[in-house]
Amino acid sequence: MLKKLAKTAGKRKGEPLTSADWQAYFEFGAQPQSRALKRLLRTLPSTPRCGFCGAPFAGIGSRIVRPLGYRPSRKNPNLCALCVELAPPGGMTTDVGVVFADLRNFTTKSESMSPEQATVMLRHFYGCAEKVFFPEALIDKLIGDEVMALYLPIFVCRGGRRAVDNYDYGQLATVMIRHARELLERIGYGTREGPAFDVGIGLDFGEVFVGNIGDHAVHDFTAIGDVVNTAARLQAQAAGGEVLASHRVTELLDESVGTPEEIALKGKADPVLAYRIKWFDGSAA
């Protein structure tokens with residue numbers, strides 16, 4: 001795999017990958033053979049999984065792929081050792097869609113649960129997120145009762161495969177909105193029984209720095225920038241069953257969605273224009 005990645009990056013034999021090779025890293029992941037392998041890995045049970053390739057870290061699936069190197073990385077447990085090994089140092093600046101989904105009042109509810117019951121709820125939530133977000137999104141983090149996902153144009157948009165190509169960002173925004181609704185539906189919103197638990201979702205889109213952030217000993221595959229912070233703040237303002245999408249997301253859509261609202265966000269000097277989307281009535285008991 002490293003040889004194929006080096007070839008994609010145009011490197012000579014033995015020449016190391018550098019920060020400038022991040023575009024090649026994502027192009028490699030978007031190649032048909034790489035996408036086919038990811039689809040195969042995602043058919044194997046069970047959650048949690050590598051946020052990049054989808055290799056399972058638990059269940060019988062993990063026992064099948066672990067000997068091949070698909071085990072949680074010591075440097076980033078959200079990615080497998082192979083994906084961390086493949087990733088060049090540093091990162092790159094690019095346009096990315098960011099989604100945060102959060103369990104509402106989990107800390108309060110978990111006080112009346114056993115640790116095992118709380119774990120079952122979290123695994124259900126993570127499992128729903130994985131089934132919806134993969135394969136278009138990268139699951140960046142599972143942060144306690146919260147999931148962060150990244151939507152890179154190279155994986156979502158048809159056509160272009162290089163940074164100079166013109167991506168259809170409207171397609172990316174449409175996928176983000178569709179995934180937000182599908183996640184709520186999978187949790188139980190819109191059903192007679194109602195949701196298993198309440199979830200709020202925040203969406204934003206724009207330029208971020210994505211890559212391996214940190215020192216040599218400890219680094220994390222993640223995204224950094226105002227877009228990430230805004231998506232997280234919007235998620236915090238969304239009620240259970242609601243989606244708050246920034247204007248930077250909704251302006252990419254062919255059709256309007258939600259109700260516009262000026263929202264004061266923590267850390268922001270001025271209110272942010274966002275759209276509050278309510279597809280369903282009711283919340284978890």
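Taking the side chain as every heavy atom from C-beta outward, Thr259 and Tyr275 never approach each other to under 4.5 Å. Phe125 places a side-chain heavy atom less than 4.5 Å from the side chain of Val147. At least one side-chain heavy atom of Cys80 sits less than 4.5 Å from a side-chain heavy atom of Cys53. Val65 is listed as a side-chain neighbour of Leu41, based on a closest heavy-atom distance under 4.5 Å. A heavy-atom distance below 4.5 Å is not found between the side chains of Val208 and Thr93. Residues Phe100 and Arg233 fail the side-chain proximity criterion, which asks for heavy atoms closer than 4.5 Å. For the pair Gln171 and Thr174, the minimum side-chain heavy-atom distance is 4.5 Å or more.
Note on Glu182 versus Arg186: no salt bridge recorded, every NZ/NE/NH1/NH2 to OD/OE distance being 4.0 Å or above. Under a 4.0 Å N-O distance rule, the pair Asp226/Lys268 qualifies as a salt bridge. With respect to Asp145 and Arg104, no salt bridge is recorded, no charged nitrogen being found less than 4.0 Å from a carboxylate O.
Among residue pairs with one or both ends in residues 114-123, none qualify as salt bridge (charged side-chain N to carboxylate O under 4.0 Å, His left out); sequence neighbours excluded.
Cation-pi geometry between Arg248 and Phe205 is not met at under 6.0 angstrom from the ring centre and within 45 degrees of the axis.
Counted by atom type alone, Tyr151 and Asp95 present zero donor-acceptor pairs between their side chains at under 3.5 Å. Judged purely by distance below 3.5 Å, without hydrogens or angles, the side chains of Glu242 and Gln237 never pair a donor atom with an acceptor atom.
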Original post:
Taking it one step at a time, do Val228 and Thr230 satisfy side-chain contact (heavy atoms from CB on, under 4.5 Å)?
Top reply: CA-CA 5 Å; Val228 178; Thr230 300; over 6 Å; no
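Aromatic ring centres of Phe52 and Tyr25: separated by under 6.0 Å.
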